Every structure is written in C-alpha cells, then in structure tokens.
Amino acid sequence: MPESYEEFRSWSPRQRSGILRGPDGRLRALLYAQQFDRALLEQLVALAERIRSAEPEGAFRAALSRALRGRAAALYFQQPSTRTFVSFSLAAQGIGMVTEEIRSPERASLVKGETTLDTLLTLAELSDCVILRHDDPEAIERFAWEIHDRGLPTRLVNAGSGADQHPTQALLDIATLISRFDLSRTDPPLTVGIVGDLRRARTARSLSYLLALYPTVRQVFIAPPDLAMGRDLVTALEERGVTLVETTEFDAVIEELDAVYLTRMQDEYGETSETVRALFGNYRLSSERAARLRPHACVLHPLPRREELPIELDRDPRTRHWEAVHRGRFLRMALLLHMFGKDTTDLS
Ligand code: ASP
Ligand code: CP
C-alpha cells in the first residue's frame, strides 16, 4: 500500500487500481479505463442492455427506480459538457439517487480562495458519490488518494480528466462496437481505426485501453505527426501484445477498417499551429472517404463534432454515434449500480 500521495502517484494506473476498489472487489473510484477487466466490462454492457430494453412500466424498471434511493450524487463539472453531464444526472436519478451540481465554478466558493481539493472534500462529506470532470488530471487522482487515505465511503467517477481519460465515454463506445461485432474474432481480426487528435483526445485514449482487453483487435492510430497518440499508451499496448499500426495517411488504410472512431481537435489544451490546423482537414470522414468505407463498417464519434463527421452522414446506417449517445444513460446506470453493489440479485 502506498503511504503518501507522492508514492501513490509514482505507481502505474494498474498498480493504483487496488486501492480504488472496495473490500468487496467492486470499483469505488473509477479513474482509468485500465481498471476494467473483460468480465466487468461485459457484465456492465449486459446490464445496461437489460435496462435499455426493459419495459418502461415493468417491474424491473420499478425496482431500478428504487435501487439507490436515499443516496446522493454530486456532479462537479469544471469543464463544459452536454452529454456526460445530462446522462450521468439522469442515470443517477433513474436509479433513485438525488443529484446536486456545481457547473459554474465561478459561483462556488473557489472564488473565495477555496482549493479544488477542499471543494471536492466538501462534496464527499455531503454526498455518496462524486462525478468529476476537470481539466487537470491530477485533480481526480489527488481526490481519490484523499478518499482512500481518510477512509471515506464516497464513490468517485471520472467524467473526463483533462487530456488523459474519459472512461465512461469509452464504455458506451465499446458497447456500441460489441453490439455490432465479435471483438474476439481472429479470422480476420477486427480492425478499428482511431482518428484525429490522438495526443489530446481523452476518449480515444480510454477507448484504446478498453479495446486492448481484446488483444486480437487490430488498432490503427491515424493522426497528423504533431497529434500522434502518447508514447505511454503505445508502450502499454505493445507490452500487452496488441497489434498496433500508426499512420498519418487516412486514405491509405480506410478500406481496411471495420470501425472508425473520429475525434475533434482538442484545442482547449493549448496552441495548435496553423499548419496542424490545415492538416487536420485530412482526418475527416468526407463523403468521398465514406464511399470507400466497407459496407458493414461502424462509424463512431464521442461528440461534440466539428467538420470531421458531416451531419449528412447521420443518415448513413454505418454511423452509430447517436446510438452511442443513447446508450450513455444506461451504461452509467449500470456502472453506478455496480459501484454500490446493487447490480445483482436485488434487481431480479
Ligand atoms: N466530449 C468528449 C470529451 O469531453 C469529446 C470532446 O469533447 O471532443 O472528451
Ligand atoms: N462525449 C462527451 O463527453 O460529451 P460532452 O463533452 O458533451 O459531455
């Protein structure tokens, strides 16, 4: 066990995952996609699907709506959000939790000089679960350490940690892929292209880690040189024996792809040169590129989109980004139920 935050920080995310679980082995704090194993991932996907397909007026939905009654979730979103905020809020309410939020830090006591950590500790005292989006990945790591070190019962979920991770977005993206393909197939292996600003797209990083749970999936990273995927992730995937291809040429690989995951330029994380901006136009799914994409392919985008996925393609049955948005509420319900130990017999 680490004895200080500094020691905790020196550990790899996989090593840290031990103290992010409760004594029952369940996730207590979800910070990184690497905390999932295949069994848990598939269990959550199955539960989310069961919730999604349940009769709105049926007994299962009624049991769900009471599952976490009496519990409270506090959502602290220091960065903008549409989907993640609304779907977490509706997910928590849909399983009986009450929710409260800080979405405008300028109206919180931070402006009086309170630290982010004290703000978060306040939410931990007042609620049972904190759902956090923050531009500094260290904010959630420090808070997770404090929860552990102080022995607090509060659950914690990462709803986006700077340019590092967004594990629940990756859950709904991989769930959409699982609904379309056998990810374990070997002949031929499934090929997933991840395209765009891979250096800074946290959703791409988290998805890549989840895909690595299926080592036969071939991952193809397609990005301009300045926005290539971080070496930390590439090394981790190589160590796990994942087949990985890196290219700058979308056109050279488009016909090989079974799935395409597009990302927007993450320009909130620093200057992006005019040269890179101009190059980024090569990483969009133009109608010419869509015409070359395989007939059975699946196209995803975490949204919000810019020009990388033109709205005209929404009518192309290969695009599944709206379906993924729809899945978000149910996967987040499944995750919260798991974290509070309510995902099994109580609901049957
Ligand atoms: N909404 C996703 C995120 O918060 C993707 C994006 O903003 O481009 O990471
Ligand atoms: N996909 C996603 O995280 O969307 P928001 O930023 O709107 O929450």
Side-chain angles (χ1 to χ4, degrees), residues 30-33 48 73-93 99 101-105 130-137 139-140 157-177 193-211 221-224 227 229-230 233 260-270 272 276-277 280 283-285 298-311 314 319-333 335-336:
L30 170 62
L31 274 63
Y32 316 108
L75 291 92
Y76 177 24
F77 276 55
Q78 177 254 18
Q79 289 183 296
S81 171
T82 298
R83 281 148 288 272
T84 313
F85 179 83
V86 174
S87 62
F88 259 124
S89 199
L90 293 177
Q93 291 166 27
T99 59
E101 71 199 50
I102 298 177
R103 292 198 78 180
S104 309
V130 177
I131 299 166
L132 175 63
R133 172 171 286 195
H134 202 281
D135 65 359
D136 178 1
I140 196 162
V157 186
N158 182 357
S161 51
D164 186 27
Q165 290 238 4
H166 190 346
T168 63
Q169 174 67 39
L171 270 185
L172 59 102
D173 289 324
I174 202 163
T176 311
L177 292 175
I194 305 184
V195 188
D197 186 348
L198 306 190
R199 182 160 66 86
R200 302 178 295 188
R202 57 194 175 193
T203 63
R205 290 175 56 81
S206 293
L207 177 61
S208 177
Y209 278 123
L210 289 191
L211 287 171
F221 294 161
I222 306 157
L227 300 178
M229 185 61 92
L233 188 144
V260 184
Y261 187 78
L262 300 154
T263 60
R264 75 174 166 92
M265 186 181 287
Q266 308 283 310
D267 29 22
E268 63 266 50
Y269 295 112
T272 310
V276 174
R277 280 184 187 284
F280 206 73
Y283 299 88
R284 64 192 290 265
L285 191 63
C298 174
V299 177
L300 289 170
H301 189 305
L303 303 174
R305 63 177 151 194
R306 294 181 186 163
E307 56 284 352
E308 21 351 286
L309 178 58
I311 193 164
D314 284 10
T319 62
R320 299 286 172 140
H321 48 292
W322 290 116
E323 178 189 321
V325 172
H326 176 71
R327 289 177 185 278
R329 182 154 61 109
F330 306 108
L331 277 150
R332 288 174 172 123
M333 280 177 159
L335 174 68
L336 292 172

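This structure is a prediction, so every number in the text was calculated from the model and none was measured. Counting starts at 1 for both ligands and their atoms, in listed order. Quick note: numbers below take in every heavy atom, side chains included, and nothing from hydrogens, waters or symmetry partners.
There is no side-chain donor-acceptor pair under 3.5 Å between T176 and E323. Looking at T203 and Y261, their side chains do bring a donor and an acceptor atom within 3.5 Å of each other.
Against a heavy-atom cut-off of under 4.0 Å, R133 is close to the following atoms of ligand 1: 4 (O). If you number the atoms of ligand 1 from 1 as listed, the ones under 4.0 Å from a heavy atom of R264 come out as 6 (C), 7 (O), 8 (O). Which parts of ligand 1 touch P304 is read off a 4.0 Å heavy-atom cut-off, strictly below it: atoms 1 (N), 6 (C), 7 (O). Within ligand 1, counting atoms from 1 as listed, the ones closer than 4.0 Å to a heavy atom of H166 are 3 (C), 4 (O), 9 (O).
Remark: distances from the non-hydrogen atoms of Q266 to ligand 1 include one below 4.0 Å. G160 does not count as a contact of ligand 1, since none of its heavy atoms falls under 4.0 Å from the ligand. At a 4.0 Å cut-off, at least one heavy atom of L303 sits close enough to ligand 1 to count as contact.
Residue E268 has no nitrogen or oxygen atom sitting less than 3.5 Å from a nitrogen or oxygen atom of ligand 1, judged on distance alone.
The backbone N or O of F77 sits nowhere less than 3.5 Å from a side-chain atom of Q79 that would complete a donor-acceptor pair. Side chain of R202 to backbone of G162: a donor-acceptor contact under 3.5 angstrom is found.
Rounded to the nearest 0.5 angstrom, F85 CZ and R133 CZ are separated by 11.0 Å. Atom-to-atom distance recorded for I140:CD1 and L30:CG is 7.5 Å, nearest 0.5 angstrom.
Remark: H301 engages E308 in a side chain to side chain donor-acceptor pair (under 3.5 Å) (not counting sequence neighbours). D135 pairs by the side chain to side chain donor-acceptor pair (under 3.5 Å) definition with Q78, not counting sequence neighbours.
The salt bridge (charged side-chain N to carboxylate O under 4.0 Å, His left out) pairs that include a residue from residues 157-177 are D164-R205, where partners are two or more places apart or lie in different chains.
Taking the ring centre of F88 as origin, the terminal cationic atom of R332 falls inside the region bounded by 6.0 Å and 45° from the ring axis.
The residues lining ligand 2, counting any heavy atom closer than 4.0 Å, are S81, T82, R83, T84, R133, H166, Q169, P302, L303.
Looking only at heavy atoms of the protein, atom 4 (O) of ligand 1 is closest to R202 NH2, 2.8 Å.
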